[in-house]
Amino acid sequence: MLWIKALHIIFVVTWFAGLFYLPRLFVYHAMADDTATLERFKIMERKLYRGIMIPSAILTVVFGGWLTSYGAWGAWLYAKLVVVALTIAYHLWCGKLLRDFARDRNTKSHVWYRWFNEIPVIFLAAAVVLVVVKPF
């Protein structure tokens, strides 16, 4: 079980690294105005999302699901699963925004992306508190 837990934590870290970095790329992408820079951001965003974030998200869920088979159930876990569902929704929202940028259809400002970039901090903090403190 410790190996499964270690792998789960590794993939949570890599997934959240992407969840923190992709919206930051969106900030800079929304501020860019020359074609070469815009195209560079499209490549960086696509590679981050498809090459790191999607595999990390899948492996996080797989190893997290595997951990639940060891019977550490409680109300805290149901709350954590809600946080996981919200994090997946945020991840998918990032994918939609990425597609908008790829098609040159972004309508949001860099300021909006700066605020959007703060959302995963809340999810990460909630998940850590739920797992470590188990408040209920």
Side-chain angles (χ1 to χ4, degrees):
M1 177 173 104
L2 291 179
W3 280 104
I4 298 164
K5 190 181 289 189
L7 289 168
H8 177 64
I9 292 168
I10 289 166
F11 290 112
V12 166
V13 169
T14 58
W15 185 24
F16 270 89
L19 289 172
F20 292 141
Y21 188 49
L22 184 62
R24 178 54 49 184
L25 287 175
F26 291 161
V27 169
Y28 301 130
H29 194 157
M31 293 171 56
D33 54 7
D34 65 286
T35 305
T37 303
L38 293 170
E39 292 306 313
R40 186 176 310 116
F41 278 120
K42 289 177 188 180
I43 293 167
M44 292 170 65
E45 293 158 357
R46 185 185 71 244
K47 287 184 176 186
L48 175 62
Y49 190 76
R50 292 183 186 165
I52 295 172
M53 292 173 63
I54 290 174
S56 295
I58 291 168
L59 291 168
T60 294
V61 171
V62 166
F63 288 113
W66 194 350
L67 284 171
T68 63
S69 70
Y70 287 96
W73 288 85
W76 67 270
L77 182 59
Y78 292 110
K80 183 184 175 218
L81 292 175
V82 169
V83 172
V84 171
L86 291 170
T87 306
I88 291 169
Y90 180 85
H91 174 103
L92 295 172
W93 191 4
C94 284
K96 187 245 183 255
L97 295 169
L98 182 140
R99 288 186 299 278
D100 289 346
F101 273 115
R103 296 178 182 133
D104 298 318
R105 294 183 185 162
N106 174 52
T107 58
K108 297 174 180 17
S109 72
H110 68 93
V111 175
W112 187 90
Y113 287 109
R114 288 178 195 278
W115 284 103
F116 181 74
N117 191 42
E118 301 305 320
I119 296 170
V121 174
I122 297 164
F123 296 153
L124 181 61
V128 169
V129 168
L130 287 167
V131 170
V132 174
V133 178
K134 294 180 178 64
F136 38 86

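The basis for the numbers below is simple: all heavy atoms, side chains too, and nothing from hydrogens, waters or symmetry mates.
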Tell me which donor-acceptor pairs under 3.5 Å the side chains of residues 66-78 have, and how far apart each pair is, sequence neighbours excluded?
unit_1	atom_1	unit_2	atom_2	d
T68	OG1	G65	O	2.5
S69	OG	W66	O	2.5
W73	NE1	T68	O	3.0

Note to self: Checking V84 against F123 for the side-chain contact (heavy atoms from CB on, under 4.5 Å) test, could you report, in this order, the C-alpha distance in whole Å, the side-chain angles of both residues, the deciding distance, and whether it holds?
What the structure shows: CA-CA 8 Å; V84 171; F123 296 153; over 6 Å; no
Note to self: Could you report the tightest heavy-atom contact between V129 and P135, atom names first, then the distance?
What the structure shows: O-CD, 4.0 Å
Under 3.5 Å donor-acceptor pairs involving side-chain atoms of residues 1-12, not counting sequence neighbours:
unit_1	atom_1	unit_2	atom_2	d
H8	ND1	T60	O	3.0
H8	ND1	G64	N	3.2

Margin query: Checking K108 against L97 for the side-chain contact (heavy atoms from CB on, under 4.5 Å) test, could you report, in this order, the C-alpha distance in whole Å, the side-chain angles of both residues, the deciding distance, and whether it holds?
Written below: CA-CA 9 Å; K108 297 174 180 17; L97 295 169; 4.1 Å; yes
Check: Between A102 and K42, which heavy-atom pair has the shortest distance, and what is it?
Finding: O-NZ, 3.6 Å
Next item on the list: State plainly whether one hydrophobic cluster holds both W115 and Y28, where clusters connect Ile, Leu, Val, Met, Phe, Trp and Tyr through side-chain heavy atoms under 4.5 angstrom apart.
Entry: no
Note to self: Taking NZ in K134 as the centre, count heavy atoms belonging to other residues, nucleotides or ligands within less than 6.0 Å. Is the count above 12?
What the structure shows: yes
Notebook entry, point to check: According to a 4.5 Å side-chain heavy-atom criterion applied to Ile, Leu, Val, Met, Phe, Trp and Tyr, with indirect links allowed, do V83 and V128 form part of one hydrophobic cluster?
Noted result: yes
Check: Quick one: which of H91, E45, M44 gives a side-chain contact (heavy atoms from CB on, under 4.5 Å) with L22?
Finding: E45
Notebook entry, point to check: Mind checking whether L48 and M31 sit in one hydrophobic cluster, side chains of I, L, V, M, F, W, Y counted as touching below 4.5 Å?
Noted result: yes
Notebook entry, point to check: Testing L98, N106, N117 for side-chain contact (heavy atoms from CB on, under 4.5 Å) with F26, which one passes?
Noted result: L98
Next item on the list: Salt-bridge test for R40 and D34: reply yes if a basic N is under 4.0 Å from a carboxylate O, no otherwise.
Entry: no
Checklist line | Separation between CG of L86 and CG of L81, rounded to the nearest 0.5 Å | finding: 11.0 Å
Note to self: Would the distance check show the side chain of Y90 and the main-chain N or O of F116 forming a donor-acceptor pair, the cut-off being under 3.5 Å?
What the structure shows: yes
Check: When you look at CZ of R24, are more than 12 heavy atoms from neighbouring residues, nucleotides or ligands closer to it than 6.0 Å?
Finding: yes
Notebook entry, point to check: Which distance, rounded to the nearest 0.5 Å, do you find between the CD1 of I54 and the CD1 of I52?
Noted result: 11.5 Å
Next item on the list: Compare every heavy atom of P23 with every heavy atom of G18, then report the nearest pair and how far apart it is.
Entry: O-CD, 4.1 Å
Note to self: Hydrophobic clusters here meaning ILVMFWY residues chained together by side-chain heavy-atom distances under 4.5 Å, can you tell me if V61 and I58 are in one?
What the structure shows: yes
Notebook entry, point to check: Using the ring of each side chain (for Trp, its six-membered ring), is H29 parallel, tilted or perpendicular to F101, with breaks at 30° and 60°?
Noted result: parallel
Item checked: Linked, directly or transitively: Y21 and I88 (ILVMFWY side chains, under 4.5 Å) -> yes
Next item on the list: Could you tell me the separation between the CE atom of M53 and the CZ atom of F16, rounded to the nearest 0.5 Å?
Entry: 10.0 Å
Next item on the list: Kindly compute the distance separating OH (Y113) from CD (E118), expressed to the nearest 0.5 Å.
Entry: 15.0 Å
Notebook entry, point to check: What distance do T14 atom OG1 and L19 atom CG have between them, rounded to the nearest 0.5 Å?
Noted result: 9.5 Å
